[in-house]
Amino acid sequence: MEAIIISGVETLARTLNETLRLDLTADQQRAFRAYAALLLEWNAHTNLTAITEPAAIETKHFLDSLTLLRAVRPTAAGLRVVDVGSGAGFPGVPLKVVFPHIKLTLVEATGKKADFLEHLTRTLGLRDVKVVNCRAEECGQDAAHRERYDLALARAVAAMPTLAEYLLPLCRVGGQCVAYKGESAPQEAAQAENALRILGGQLRQLVPIELPGVAETRYLIVIDKRVATPERYPRRPGIPAKRPLS
Ligand code: SAM
């Protein structure tokens, strides 16, 4: 595979090669460079990220999003992936850049962020990406989305018992949910045990992740969808956060 280094994403290209055995093509490097530029441009007027230093964008946004590969390699053609609370596109968009054959849905409740996602995916020329400007609780009760995804992802959206009620209704039986978490992951996973059971899920594994230059250990919480989620879940918007299943 081509491994040309384009100025601006050198660290990302090298680290992906060393840590995840991924070689970015020249086009993918161009896409990440354009992504970073667009993120900073929009961040000047829309609150998208507190991380604005180029090397930190590469590590804490792009590389972190791609650490999914430590748990799941989304290589199957047409794999249906949903990213809930996508914000500025993390983790879904970096995954789509590297795995262009996935069918990606980005669910984002805030209108301005959804506008950014539309603009971003159009500018990067990404096909098979849908931006849905709604709450996860609404999507989870919509037949167009309910139990339609092979892989349901979220980073930095809610505590695990609440997040389970966002993700599991979207995931098909036999699929997986992955939550990107910080050091609280083991505790959050334990707290969500009953919520997972109620919603048809089961904890598969906790994968510790070390990012270069980041002191905190991060984790991927991987959940298997074992049986269909009861119809009453997700509850009305706001209720999963206000009264998490316990
Ligand atoms: N996932 C991105 C990341 O890691 O950079 C964004 C994280 S940001 C802290 C949380 C995002 O989740 C916000 O953009 C917010 O609007 C969105 N969000 C929170 N609750 C949501 C819900 N119930 N449904 C859809 N989006 C939600």
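The first residue of the sequence shown is numbered 1, and numbering continues consecutively from there. In listed order, ligands and their atoms are each counted from 1.
Atoms of ligand 1 lying under 4.0 Å from any heavy atom of G87, numbered from 1 in the order shown and given with element: 6 (C), 14 (O). Which parts of ligand 1 touch K113 is read off a 4.0 Å heavy-atom cut-off, strictly below it: atoms 13 (C), 14 (O). Below 4.0 Å from some heavy atom of Y166 lie the following atoms of ligand 1, by number and element: 23 (N). Short contacts between ligand 1 and C134, defined as distances under 4.0 Å to a heavy atom of the residue, involve ligand atoms 25 (C).
Distance from atom 12 (O) of ligand 1 to its nearest protein heavy atom, with residue and atom name: G85 CA, 3.3 Å. The shortest contact between atom 26 (N) of ligand 1 and any protein heavy atom is with A109 N, 3.3 Å. The closest protein non-hydrogen atom to atom 16 (O) of ligand 1 is E108 OE2, 2.6 Å. Of the protein's heavy atoms, V157 CG1, 4.0 Å lies nearest to atom 19 (C) of ligand 1.
With salt bridges taken as basic N to acidic carboxylate O contacts below 4.0 Å, none links R218 and E210. At a threshold of 4.0 Å, the pair D27-R30 counts as salt-bridged, since one of the basic side-chain nitrogens sits closer than that to a carboxylate oxygen. We find that D64 and R155 are joined by a salt bridge, their nearest charged nitrogen and carboxylate oxygen being less than 4.0 Å apart.
When non-hydrogen atoms are compared, ligand 1 lies under 4.0 Å from neither the backbone nor the side chain of A158. Contacts of Y180 with ligand 1, taken as heavy-atom pairs under 4.0 Å, are absent altogether. When non-hydrogen atoms are compared, ligand 1 lies under 4.0 Å from neither the backbone nor the side chain of A154. By the criterion of a heavy-atom distance under 4.0 Å, both the backbone and the side chain of R155 are placed next to ligand 1.
Distances between N or O atoms of A88 and those of ligand 1 include no value under 3.5 Å. When only interatomic distances are considered, the shortest N/O to N/O separation between A156 and ligand 1 does not fall below 3.5 Å. Taking distance alone, with nitrogen or oxygen atoms compared against 3.5 Å, A136 approaches ligand 1 more closely than that limit. Checked against a 3.5 angstrom limit, the closest N/O atoms of E137 and ligand 1 fall inside it.
Dense packing is recorded around CD of Q141, with more than 12 heavy atoms of other residues, nucleotides or ligands lying under 6.0 Å away. Residue E216 places its CD atom among more than 12 non-hydrogen atoms of other residues, nucleotides or ligands, all under 6.0 Å distant. Around the NZ atom of K113, the shell of radius 6.0 Å holds more than 12 heavy atoms that belong to other residues, nucleotides or ligands.
Between F62 and F90, the ring-plane angle classifies as tilted under the 30° and 60° cut-offs.
Applying salt bridge (charged side-chain N to carboxylate O under 4.0 Å, His left out) to R235 and the options E165, E137, E138 leaves one that passes, E165.
Side-chain N/O atoms of R197 and N194 include a donor and acceptor closer than 3.5 Å.
Side-chain atoms of E108 never come within 3.5 Å of backbone atoms of N133 as a donor-acceptor pair (strictly under, hydrogens ignored).
No heavy atom of A241 sits closer than 4.0 Å to any atom of ligand 1.
Minimum heavy-atom separation, G89 to P94: O-CD, 3.3 Å.
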